[in-house]
Amino acid sequence: MSTKTNILALLEGNRGQSISGEGIAAHLGVSRNAVWKAVNELKKDGYNIEAVTNKGYCLSQDNDILSAQGMLPYLTHKENADQIFVYDTLESTNITAKEMAIAKAKHGTVIIAEHQTSGRGRYNRVFHSPSGHGIYMSLILRPTQLGFSTPTLVTSFAAVCVCEAIEAITNAEPKIKWVNDIFMNGKKICGILTEAVTDFESGSIEWVVVGIGINFSTPLEAFPKDLREIVSSVFPDGRSTATRNQLVAEIVNRMVSPEQKQGEADIMAEYKQRLFMLGKEVLVSQVNETYKATALDVDEIGRLLIQKKSGEVLPLSSGEISIKPIS
């Protein structure tokens, strides 16, 4: 790593505390002048670093620039930071992740963008990605390394992991709208888009790319007017008690190398526990019809079981429908 990157890692690991320039230079084996130059470069990048005579350099507690070094203090497995790539702007993190997956990127590779020019959700809907307040990330995962025999469960797994990560840094209790949206206080704060990369010869799923878009502290005025009544953020008032780096690290900890790998049945139990639609009447919109039904349960591969007014019970897969709760 460069001197600049190494110094950022030191400052992030000691956020809010002063580290002497002499100490940094000795630790990294570089000159005091090299430290001074690197700190100035970080300041130009937007980092709020205070230099105090006889104390050294201190990274402000309220600094919230996305970086692998900023995530490092919160990662359970520090080596995961080597597979985290942060960009200022991308067309879409999922597009970049799929390209990297085809190029044989490692399981657990994470792509993050401060801003997306063409973020997309399900059914190719636009996912608004304003800079500075959100988390737009994609993870490259091999289902076999997660221990999943059914790749479709990756979306459910991701939704549970995001909920757990939010719970770890807040007092909130996020809920899941089947199949892939996270809600807080009745409003959407996160969308998840899972896409498969298949092996051309065998036709089998080789990689799964999981795109996660989170409104972290996004002001309502950053969204189009037609969305302002239905969306919110993890910290809607903008006064966050954690950083975006911390939330990303919490997600990576759970999705890439969890301390305890859960079985598929356990994951589905956690998923169902957080669903807010079960037992409620919903409106099901499919290609050729729209009808009312009752959301009953989710089966072992993540399909939603609904009961029509006629009494017929149907399993619905994620690609078929959009559901709006009626009550």
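Because only heavy atoms are used, hydrogens play no part in the values below, and waters and symmetry mates are left out as well, while side chains stay in. Keep in mind the model is a prediction, meaning the values are calculated, not measured.
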Would you confirm whether [X], through its side chain, and [Y], through its main-chain N or O, come within 3.5 Å as a donor-acceptor pair?
| X | Y | value |
| --- | --- | --- |
| R15 | Q61 | yes |
| Q83 | V110 | no |
| R244 | G134 | yes |
| N253 | Y74 | yes |
| D45 | Y47 | no |

Return the [atom1] to [atom2] distance between [X] and [Y], rounded to the nearest 0.5 Å.
| X | Y | atom1 | atom2 | result |
| --- | --- | --- | --- | --- |
| E173 | M184 | CD | CE | 10.0 Å |
| E250 | L75 | CD | CG | 9.0 Å |
| C163 | I182 | SG | CD1 | 4.0 Å |
| I205 | E195 | CD1 | CD | 12.0 Å |
| Q307 | L314 | CD | CG | 9.5 Å |
| T218 | F235 | OG1 | CZ | 12.0 Å |

Quiz item: Does a side chain donor of either N80 or S257 reach within less than 3.5 Å of an acceptor in the other side chain?
Solution: yes

Exercise. Taking atom types as modelled, find out whether S92 and N94 have a side-chain donor-acceptor pair closer than 3.5 angstrom.
Key: no

Quiz item: Do T155 and N180 pass the side-chain hydrogen bond (donor to acceptor under 3.5 Å, both in side chains) test, and can you show the C-alpha distance, the side-chain angles, and the key distance before you say yes or no?
Solution: CA-CA 7 Å; T155 301; N180 63 342; over 6 Å; no

Exercise. Would you sort out whether Y271 and V179 count as a side chain to side chain contact (heavy atoms under 4.5 Å, CB included), showing the intermediate values?
Key: CA-CA 10 Å; Y271 180 74; V179 59; 3.8 Å; yes

Using a 3.5 Å cut-off and no angle test, enumerate the donor-acceptor pairs between side-chain atoms of residues 23-40 and protein atoms at least two apart in sequence or in another chain.
from : atom 1 : to  : atom 2 : distance (Å)
S31  : OG     : A34 : N      : 3.0
N40  : ND2    : W36 : O      : 3.3

Practice problem: Test side chain to side chain contact (heavy atoms under 4.5 Å, CB included) on I306 and Y291 and set out the steps. | Solution: CA-CA 11 Å; I306 56 105; Y291 55 89; 3.8 Å; yes

Membership question, hydrophobic clusters at under 4.5 Å side-chain separation (ILVMFWY): are [Y] and [X] in the same one?
| X | Y | result |
| --- | --- | --- |
| V160 | L278 | yes |
| F276 | I166 | yes |
| I251 | I65 | no |
| I214 | I169 | yes |
| I192 | V298 | yes |

Practice problem: Any chance you could lay out the side chain to side chain contact (heavy atoms under 4.5 Å, CB included) test for L153 and I267, step after step, and finish with the verdict? | Solution: CA-CA 8 Å; L153 292 183; I267 289 169; 5.8 Å; no

Quiz item: Can K188 and I230 be said to form a side chain to side chain contact (heavy atoms under 4.5 Å, CB included), step by step?
Solution: CA-CA 6 Å; K188 180 178 175 178; I230 59 175; over 6 Å; no

Side chains of [X] and [Y]: does their closest heavy-atom pair fall under 4.5 Å?
| X | Y | answer |
| --- | --- | --- |
| S232 | N185 | no |
| Q286 | L316 | yes |
| M71 | I112 | yes |
| H115 | T89 | yes |

Without placing hydrogens or testing angles, list every side-chain donor-acceptor pair under 3.5 Å for residues 99-108, not counting sequence neighbours.
from : atom 1 : to   : atom 2 : distance (Å)
K104 : NZ     : E206 : OE2    : 3.1
H107 : ND1    : R142 : N      : 2.9

